[in-house]
Amino acid sequence: VQLQASGGGLVQPGGSLRLSCAASGNIHRIDIMGWYRQAPGKQRELVASADRGGRTTYADSVKGRFTISRDDAKNTVYLQMDSLTPGDTAVYYCYAPLIVTPTFYRYQQIWGQGTLVTVSS
């Protein structure tokens with residue numbers, strides 16, 4: 001079981017990017033999927049998360065600008081990022097605290113490889 005993130009890149013301030021993270025492997029259920037980010041010299045922080053019931057959480061710094069969504073049929077989570085600022089520059093990591101297989105094996109603390117988002121003019 002693994003998470004594969006994509007969609008990062010260079011964007012100008014005020015622009016938009018959409019990140020994707022697909023879980024692969026023998027998967028029965030993923031309760032929570034989310035995105036963290038880590039800027040140079042800073043600690044990794046939660047950006048947004050979404051559970052299977054559609055409940056979402058956001059960091060205060062991204063509320064109103066970022067939207068998290070998921071497609072459970074594809075085991076994929078998305079992060080739509082609008083009105084980007086240089087302060088959003090970071091490596092973005094997708095994360096799932098628990099992935100359950102059809103045989104009910106539990107994978108815990110699964111991280112994707114990270115995708116770099118650079119906001120600069």
Going by salt bridge (charged side-chain N to carboxylate O under 4.0 Å, His left out), name the residues that satisfy it together with D72, two or more places apart in sequence or in a different chain. R70
Would you say the side-chain atoms of T89 pair up with the backbone N or O of V119, donor to acceptor, closer than 3.5 Å? yes
Residue pairs, two or more places apart or on separate chains, that pass salt bridge (Lys or Arg N to Asp or Glu O under 4.0 Å) and touch residues 110-121: none
Residue pairs passing the disulfide bond (SG atoms under 2.5 Å apart) test with at least one member in residues 9-121, sequence neighbours excluded, are C21-C94
R52: partners by side chain to side chain donor-acceptor pair (under 3.5 Å), with sequence neighbours left out: none
L79 to A48 - nearest heavy-atom pair and separation: CD1-CB, 4.2 Å
Counterpart residues, salt bridge (charged side-chain N to carboxylate O under 4.0 Å, His left out), relative to R65 (two or more places apart): D88
Closest non-hydrogen atoms of P13 and S121, given as atom of the first, atom of the second and distance, are CD-N, 3.7 Å
Tell me, do L17 and V117 make a side-chain contact under 4.5 Å, heavy atoms counted? yes
Which residues share a side-chain contact (heavy atoms from CB on, under 4.5 Å) with K63, sequence neighbours left out: Y58, D60
Keeping to residues at least two apart or across chains, list the salt bridge (Lys or Arg N to Asp or Glu O under 4.0 Å) pairs with something in residues 95-104. none
To the nearest 0.5 angstrom, please state how far the CD atom of Q38 sits from the CD atom of E45. 9.5 Å
Which pairs pass side chain to side chain donor-acceptor pair (under 3.5 Å) with one or both residues in residues 2-18, sequence neighbours excluded? S16-D82
Heavy-atom side-chain contact between W35 and V77 under 4.5 Å: yes
What's the spacing between L19 CG and T115 OG1 if we round to 0.5 Å? 6.0 Å
Given a cutoff of under 4.5 Å between side-chain heavy atoms of I, L, V, M, F, W and Y, with clusters grown through shared members, what are the other residues clustered with Y36? L46, V91, Y93, Y95, W111, L116
Would you compute the distance between atom CG of N26 and atom CD1 of I99 and round it to the nearest 0.5 angstrom? 11.5 Å
Just by distance, with hydrogens left out, do S120 and T118 show a side-chain donor and acceptor under 3.5 Å apart? no
I need the full list of salt bridge (Lys or Arg N to Asp or Glu O under 4.0 Å) pairs touching residues 97-106, with sequence neighbours left out, sorted by first then second residue. none
Mark yes or no for whether S61, through its side chain, and A59, through its backbone, hold a donor-acceptor pair below 3.5 Å. no
Does a sphere of radius 6.0 Å around CD in Q43 hold more than 12 heavy atoms from other residues, nucleotides or ligands, not counting ones at 6.0 Å or beyond? no
Residue pairs passing the salt bridge (Lys or Arg N to Asp or Glu O under 4.0 Å) test where at least one lies in residues 112-121, sequence neighbours excluded: none
Rounding to 0.5 Å, atoms CE (M81) and OH (Y92) come to a distance of 5.0 Å
For T57, side chain to side chain donor-acceptor pair (under 3.5 Å) partners two or more places apart: S49
Quick one: pull up OG in S20 and CG in L3 and give me the separation to the nearest 0.5 Å. 12.5 Å
At what distance, to the nearest 0.5 angstrom, does CD1 of I30 lie from OH of Y107? 12.0 Å
